[in-house]
Colleague: 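Got a structure here, written out as structure tokens. Questions coming.
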Amino acid sequence: MSTIAAFYGGKSILITGATGFMGKVLMEKLFRTSPDLKVIYILVRPKAGQTLQQRVFQILNSKLFEKVKEVCPNVHEKIRAIYADLNQNDFAISKEDMQELITCTNVVFHCAATVRFDDPLRHAVQLNVTATQQLLLMASQMPKLEAFIHISTAFSNCNLKHIDEVIYPCPVEPKKIIDSMEWLDDAIIDEITPKLIGDRPNTYTYTKALGEMVVQQESGNLNIAIIRPSIVGATWQEPFPGWVDNLNGPSGLIIAAGKGFLRAIKATPKAVADLIPVDTVVNLTLAVGWYTAVHRPKSTLVYHCTSGNLNPCNWGKMGFQVLASFEKIPFERAFRRPYADFTTNNFTTQYWNAVSHRAPAIIYDFYLRLTGRKPRMTKLMNRLLRTVSMLEYFINRSWEWSTYNTEMLMSELSPEDQRVFNFDVRQLNWLEYIENYVLGVKKYLLKEDMAGIPEAKQHLKRLRNIHYLFNTALFLIAWRLLIARSQMARNVWFFIMWFHFFLQAFCHQEARSDFHTAHVL
Ligand SMILES: CCCCCCCCCCCCCCCCCCCC(=O)SCCNC(=O)CCNC(=O)[C@H](O)C(C)(C)COP(=O)(O)OP(=O)(O)OC[C@H]1O[C@@H](n2cnc3c(N)ncnc32)[C@H](O)[C@@H]1OP(=O)(O)O
Ligand SMILES: NC(=O)C1=CN([C@@H]2O[C@H](COP(=O)(O)OP(=O)(O)OC[C@H]3O[C@@H](n4cnc5c(N)ncnc54)[C@H](OP(=O)(O)O)[C@@H]3O)[C@@H](O)[C@H]2O)C=CC1
């Protein structure tokens with residue numbers, strides 16, 4: 001019998017962010033491994049016209065929860081959705097609900113956050129810092145509380161190259177930031193944001209760092225731990241491989257590449273792709289909950305949930321494998337054939353953006369106009385390129401995260417716990433994982449049927465033929481109109497062709513050698 005699973009038996013557990021990507025997998029695993037737990041309280045807000053009950057119903061009836069319903073048929077009785085908005089004072093929780101939460105909760109998992117990179121500082125502070133402070137205040141009044149687990153990110157200190165499992169101070173105290181958000185107006189906040197975030201790339205990483213400081217300062221007598229996952233990806237094993245339900249991290253780019261919208265990206269092939277499957281993060285989180293409650297470490301321990309130092313993969317290898325997976329598992333109705341060029345300098349990035357992204361979008365919009373339809377591709381492409389530019393910071397650098405606490409915890413687990421709550425990322429086979437990831441994106445995000453694969457392959461063949469035809473036609477028209485008529489045009493044309501092929505050869509050479517070395521590495 002697993003000691004960790006037994007620990008959660010009979011417990012009342014409070015989860016924030018339970019409707020999010022990680023929160024759902026956390027709930028699923030808890031119900032599946034500890035079906036005798038007493039209750040899971042989840043703080044939920046109504047969203048997109050759905051009531052709390054409708055949101056919970058949708059989660060419990062999703063594919064993710066199929067196995068849970070077998071082992072815990074009364075799961076809907078054990079989940080208690082509490083109306084809450086983390087942006088409001090006291091989270092807008094009713095007095096009765098608050099009383100119940102304070103009296104009964106044994107373990108808190110704080111997963112809620114805004115994970116948007118472009119959130120205004122005021123909003124990111126409210127959710128990632130102030131809400132954490134308020135939750136800690138609530139927790140300090142819970143007489144039965146055994147552990148409080150805070151989910152942060154491995155990138156909260158991405159301004160450093162080597163990151164230890166410690167809480168690093170920020171130059172301005174979180175309390176001062178929280179206070180200033182109350183009286184500064186939006187224009188001033190926007191003006192001081194770059195100065196406050198300093199050498200971090202966005203408000204997300206900055207406010208997650210402030211959130212950790214708040215945890216340290218407000219911990220009081222609580223048993224607290226912080227988990228820092230890196231880039232959280234689809235499930236590796238549990239409840240089944242490849243499950244994913246949002247576009248964050250690599251998932252959105254996998255779609256953009258598979259549908260042929262994104263064919264080149266500014267990424268360093270040799271940089272470490274520190275991806276971590278969501279079920280690995282959840283297993284570590286549950287193990288940390290148990291360890292913190294039972295062993296009560298004297299100080300707040302930080303656990304890095306990363307893959308880079310134990311089982312490194314790089315972006316070159318990942319891109320290569322994603323592309324290889326599209327051969328077997330093509331997406332339906334692709335705009336162009338999937339292709340991936342990794343470039344490392346701004347000039348080639350601009351070149352590919354113009355030639356591979358913007359030009360085809362303009363031509364397609366022209367075609368839509370000609371056929372009496374509304375053009376939309378240029379707008380879509382601009383949004384995609386904006387998204388890609390926000391992710392570039394993370395795919396052109398490598399970080400080293402030490403994992404002493406995580407490894408220490410692994411050695412503390414019984415063989416049974418190591419099996420049931422496996423977070424040993426050394427066992428992960430990247431090629432298999434990425435193929436399942438692409439399959440999961442197709443099935444669970446795009447909701448495409450596997451039966452459509454032969455037709456998708458046919459479509460890609462047609463696109464290849466259109467591509468050849470288009471290039472040949474373009475060449476013949478140019479030749480007929482210009483080249484045959486004037487010597488000057490001929491010279492210019494030969495120069496352009498030479499320059500184009502030289503650039504292509506140069507870019508391919510650069511991408512290929514990086515790709516090759518990265519793949520070999
Ligand atoms: C040549 C190709 C090779 C392909 C190889 C593929 C493998 C390489 C993968 C590389 C991945 C690198 C990922 C690095 C991530 C670092 C994560 C750091 C860890 C964390 O702790 S953060 C948690 C994760 N958070 C995020 O990922 C949030 C990122 N998203 C945002 O901040 C916002 O969505 C963004 C990007 C600012 C866009 O905002 P906005 O313009 O307001 O638009 P929307 O959010 O409404 O979305 C617009 C549009 O874009 C789609 N979308 C959203 N996110 C992504 C995404 N990550 N990738 C692609 N597309 C995305 C969204 O669905 C919308 O589409 P519509 O069709 O509805 O318009
Ligand atoms: N995904 C990743 O790559 C990584 C994530 N992390 C961390 O993991 C944690 C979970 O992330 P993830 O699951 O991916 O994020 P999601 O964006 O999928 O989920 C965020 C959750 O927070 C909830 N939430 C946001 N605002 C409010 C609010 N005002 N009131 C109540 N609930 C709110 C959301 O609720 P709703 O459904 O109503 O919007 C949702 O349940 C976060 O702390 C994040 O920083 C760390 C590293 C990487």
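Since we're looking at a predicted model, the values are computed, not measured. Every number for a ligand or one of its atoms is a count from 1 in the order of the listing.
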Colleague: Relative to the heavy atoms of R55, which atoms of ligand 2 are at a distance of less than 4.0 Å?
Modeller: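 Counting atoms of ligand 2 from 1, those under 4.0 Å from R55 are 36 (P), 37 (O), 38 (O).
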
Colleague: Which of the numbered atoms in ligand 1 are below 4.0 angstrom from a heavy atom of R386?
Modeller: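 The atoms of ligand 1 under 4.0 Å from a heavy atom of R386 are 38 (C), 39 (O), 40 (P), 41 (O).
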
Colleague: Select the closest option to atom 43 (O) of ligand 1 among M390, E392, R383, M22, judged by heavy-atom distance.
Modeller: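 Going through M390, E392, R383, M22 one by one, R383 has the nearest heavy atom to atom 43 (O) of ligand 1.
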
Colleague: Any idea which protein heavy atom is nearest atom 4 (C) of ligand 2, and the distance to it?
Modeller: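 Atom 4 (C) of ligand 2 sits closest to the protein heavy atom V232 CG2, 3.5 Å.
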
Colleague: Please state which protein non-hydrogen atom is closest to atom 58 (N) of ligand 1 and give its distance, to 0.1 Å?
Modeller: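 Of the protein heavy atoms, G252 CA, 3.3 Å lies nearest.
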
Colleague: Give yes if a backbone or side-chain nitrogen or oxygen of G20 is under 3.5 Å from a nitrogen or oxygen of ligand 2, and no if not.
Modeller: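 N/O-N/O distance under 3.5 Å: yes.
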
Colleague: Considering distance alone, does some N or O of A112 sit under 3.5 Å from an N or O of ligand 2?
Modeller: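 In this structure, A112 places no N or O atom under 3.5 Å from an N or O of ligand 2.
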
Colleague: To which of V115, T19, V25 does the heavy atom nearest atom 17 (O) of ligand 2 belong?
Modeller: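 Result: the heavy atom closest to atom 17 (O) of ligand 2 is in V115.
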
Colleague: Distance under 4.0 Å to a non-hydrogen atom of F21: what atoms of ligand 2 satisfy this?
Modeller: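 In order of number, 13 (O), 14 (O), 18 (O).
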
Colleague: Starting from atom 20 (C) of ligand 2, what is the nearest protein heavy atom, named by residue and atom, and what distance separates them?
Modeller: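 Here the nearest protein heavy atom works out to A113 O, 3.6 Å.
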
Colleague: Of all the atoms in ligand 2, which lie at a distance below 4.0 Å from a heavy atom belonging to S230?
Modeller: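 The list of qualifying atoms is 47 (C), 48 (C).
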
Colleague: To check your reading of the model: name the closest protein heavy atom to atom 4 (C) of ligand 1, its residue, and the distance in Å.
Modeller: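 Of the protein heavy atoms, A257 CB, 3.7 Å lies nearest.
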
Colleague: Closer than 4.0 Å to some heavy atom of I395 - which atoms of ligand 1 meet that?
Modeller: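 This gives 10 (C), 12 (C) as the contact atoms.
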
Colleague: Ligand 1 versus I255, non-hydrogen atoms closer than 4.0 Å: side chain, backbone, both, neither?
Modeller: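 It is neither part, as no heavy atom is under 4.0 Å.
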
Colleague: Which atoms of ligand 2 sit under 4.0 Å from any heavy atom of K208?
Modeller: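 Going through ligand 2 atom by atom, the ones under 4.0 Å from K208 are 42 (C), 43 (O), 44 (C), 45 (O).
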
Colleague: Quick check on contacts: which atoms of ligand 2 are under 4.0 angstrom from a heavy atom of N87?
Modeller: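 Contacts of ligand 2 toward N87, numbered from 1: 29 (N).
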
Colleague: Could you tell me whether D341 and ligand 1 have an N or O pair separated by under 3.5 Å?
Modeller: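 By distance alone, the answer is no.
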
Colleague: Checking a contact table here: which protein heavy atom is nearest atom 11 (C) of ligand 1, and how many Å away?
Modeller: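 The answer is P250 CA, 3.6 Å.
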
Colleague: For atom 51 (C) of ligand 1, what is the nearest protein heavy atom, given as residue, atom name and distance?
Modeller: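 Ranking protein heavy atoms by distance from atom 51 (C) of ligand 1, first comes L247 CD1, 3.8 Å.
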
Colleague: Of all the non-hydrogen atoms in the protein, which one sits nearest to atom 19 (C) of ligand 1, and at what distance?
Modeller: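 Answer, as residue, atom name and distance: F155 CD1, 3.5 Å.
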
Colleague: Considering only non-hydrogen protein atoms, determine which one is nearest to atom 30 (N) of ligand 1 and report residue, atom name and distance to 0.1 Å.
Modeller: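 Going by distance alone, atom 30 (N) of ligand 1 is nearest to N248 OD1, 4.1 Å.
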
Colleague: Taking the six-membered ring of Y393 (Phe, Tyr or Trp), confirm whether the NZ or CZ of R397 is under 6.0 Å from its centre and within 45° of its axis.
Modeller: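 Verdict for Y393: a cation-pi partner in R397.
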
Colleague: Could you check which of F394, F155, Y204 puts a non-hydrogen atom nearest to atom 6 (N) of ligand 2?
Modeller: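 The nearest heavy atom belongs to Y204.
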
Colleague: Run down the list V115, D118, L275 and name the one with the heavy atom closest to atom 23 (C) of ligand 1.
Modeller: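 The option holding the nearest heavy atom is V115.
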
Colleague: Determine, stepwise, if the pair Y437 / S251 fulfils side-chain hydrogen bond (donor to acceptor under 3.5 Å, both in side chains).
Modeller: CA-CA 8 Å; Y437 199 149; S251 312; 2.7 Å; yes

Colleague: Is the shortest heavy-atom distance from the side chain of H76 to the side chain of V56 under 4.5 Å?
Modeller: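 No, their side chains stay 4.5 Å or more apart.
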
Colleague: Of all the atoms in ligand 1, which lie at a distance below 4.0 Å from a heavy atom belonging to I231?
Modeller: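 Near I231, the atoms of ligand 1 are 14 (C), 16 (C), 17 (C).
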
Colleague: Atom 31 (C) of ligand 2: which protein heavy atom is closest, and how many Å away?
Modeller: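 In this structure, atom 31 (C) of ligand 2 has L86 CD1, 3.5 Å as its nearest protein heavy atom.
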
Colleague: Looking only at N/O atoms, are G23 and ligand 2 under 3.5 Å apart anywhere?
Modeller: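 N/O-N/O distance under 3.5 Å: no.
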
Colleague: Any nitrogen or oxygen of N248, main chain or side chain, under 3.5 Å from a nitrogen or oxygen of ligand 2?
Modeller: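 No, N248 has no N/O under 3.5 Å of an N/O on ligand 2.
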
Colleague: Heavy-atom pairs closer than 4.0 Å: do any link ligand 1 to the side chain of M318, the backbone, both, or neither?
Modeller: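 Neither; no heavy atom under 4.0 Å.
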
Colleague: Are D245 and K24 close enough for a salt bridge, meaning some N to O gap below 4.0 Å?
Modeller: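 Yes, D245 and K24 are salt-bridged.
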
Colleague: Is there a protein heavy atom at a distance of less than 4.0 Å from atom 64 (C) of ligand 1?
Modeller: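 No; the ligand atom in question lacks any protein heavy-atom contact below 4.0 Å.
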
Colleague: Report the part of S251 in contact with ligand 1, treating N, CA, C, O as backbone and CB onward as side chain, heavy atoms under 4.0 Å; options are side chain, backbone, both, neither.
Modeller: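 Neither; nothing of S251 gets under 4.0 Å from ligand 1.
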
Colleague: Suppose I only count heavy atoms of R263 and a 4.0 Å limit; which atoms of ligand 1 are within that range?
Modeller: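 Close to R263: 1 (C).
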
Colleague: To the nearest 0.1 Å, how far is atom 27 (O) of ligand 1 from its closest protein heavy atom, and which atom is that?
Modeller: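 Atom 27 (O) of ligand 1 sits closest to the protein heavy atom G249 N, 2.9 Å.
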
Colleague: How close does the nearest protein non-hydrogen atom get to atom 13 (O) of ligand 2, and which residue and atom is it?
Modeller: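 The closest one turns out to be M22 N, 2.9 Å.
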
Colleague: Within ligand 2, which atoms have a heavy atom of I151 less than 4.0 Å away?
Modeller: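 By the 4.0 Å cutoff, the relevant atoms are 7 (C), 8 (O), 9 (C), 43 (O).
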
Colleague: Any idea which protein heavy atom is nearest atom 40 (P) of ligand 1, and the distance to it?
Modeller: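 It is R116 NH2, 3.3 Å.
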
Colleague: For C111 and ligand 2, does the shortest N/O to N/O distance drop below 3.5 Å?
Modeller: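 It does: an N or O of C111 is found under 3.5 Å from an N or O of ligand 2.
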
Colleague: Using a 4.0 Å heavy-atom cut-off, say whether A340 meets ligand 1 through its side chain, its backbone, both or neither.
Modeller: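 Looking at A340 and ligand 1, atoms from backbone and side chain both fall under 4.0 Å.
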
Colleague: State whether the side chain of T114 and the backbone N or O of L127 hold a donor-acceptor pair below 3.5 Å, judged by distance alone.
Modeller: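 Looks like no, no N/O pair under 3.5 Å.
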
Colleague: Ion pair present between E332 and K259, side-chain N to carboxylate O less than 4.0 angstrom?
Modeller: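 Judged by the 4.0 Å cut-off on N to carboxylate O distance, E332 and K259 do not form a salt bridge.
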
Colleague: I'd like to check whether P229 has a polar contact with ligand 2, where a contact means an N/O of the residue lying under 3.5 Å from an N/O of the ligand.
Modeller: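 Checking ligand 2 against P229, no N or O pair falls under 3.5 Å apart.
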
Colleague: Could you name the option among K24, R116, R45 that has the heavy atom nearest to atom 39 (O) of ligand 2?
Modeller: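 Shortest heavy-atom distance from atom 39 (O) of ligand 2: R45.
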
Colleague: Nearest protein heavy-atom contact for atom 26 (N) of ligand 2: which residue, which atom, what distance?
Modeller: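 Going atom by atom, the protein heavy atom closest to atom 26 (N) of ligand 2 ends up being L127 CD2, 3.1 Å.
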
Colleague: Hey, which atoms in ligand 2 end up nearer than 4.0 Å to a heavy atom of S152?
Modeller: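 Answer, ordered by atom number: 6 (N), 7 (C), 46 (C).
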
Colleague: Need the ligand 2 atom indices (1-based, order shown) with element for anything under 4.0 Å from a heavy-atom of D85.
Modeller: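 Those atoms are 28 (C), 29 (N), 30 (N).
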
Colleague: Would you say the side-chain atoms of N309 and T403 include a donor-acceptor pair closer than 3.5 Å?
Modeller: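 Judged by distance alone, the side chains do pair up.
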
Colleague: Counting heavy atoms only, which of F117, Y204, W315 is nearest atom 9 (C) of ligand 1?
Modeller: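 Residue with the shortest heavy-atom distance to the ligand atom: W315.
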
Colleague: For atom 21 (C) of ligand 2, which of the options P46, G17, A84 provides the nearest non-hydrogen atom?
Modeller: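 It is G17 that holds the nearest heavy atom.
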
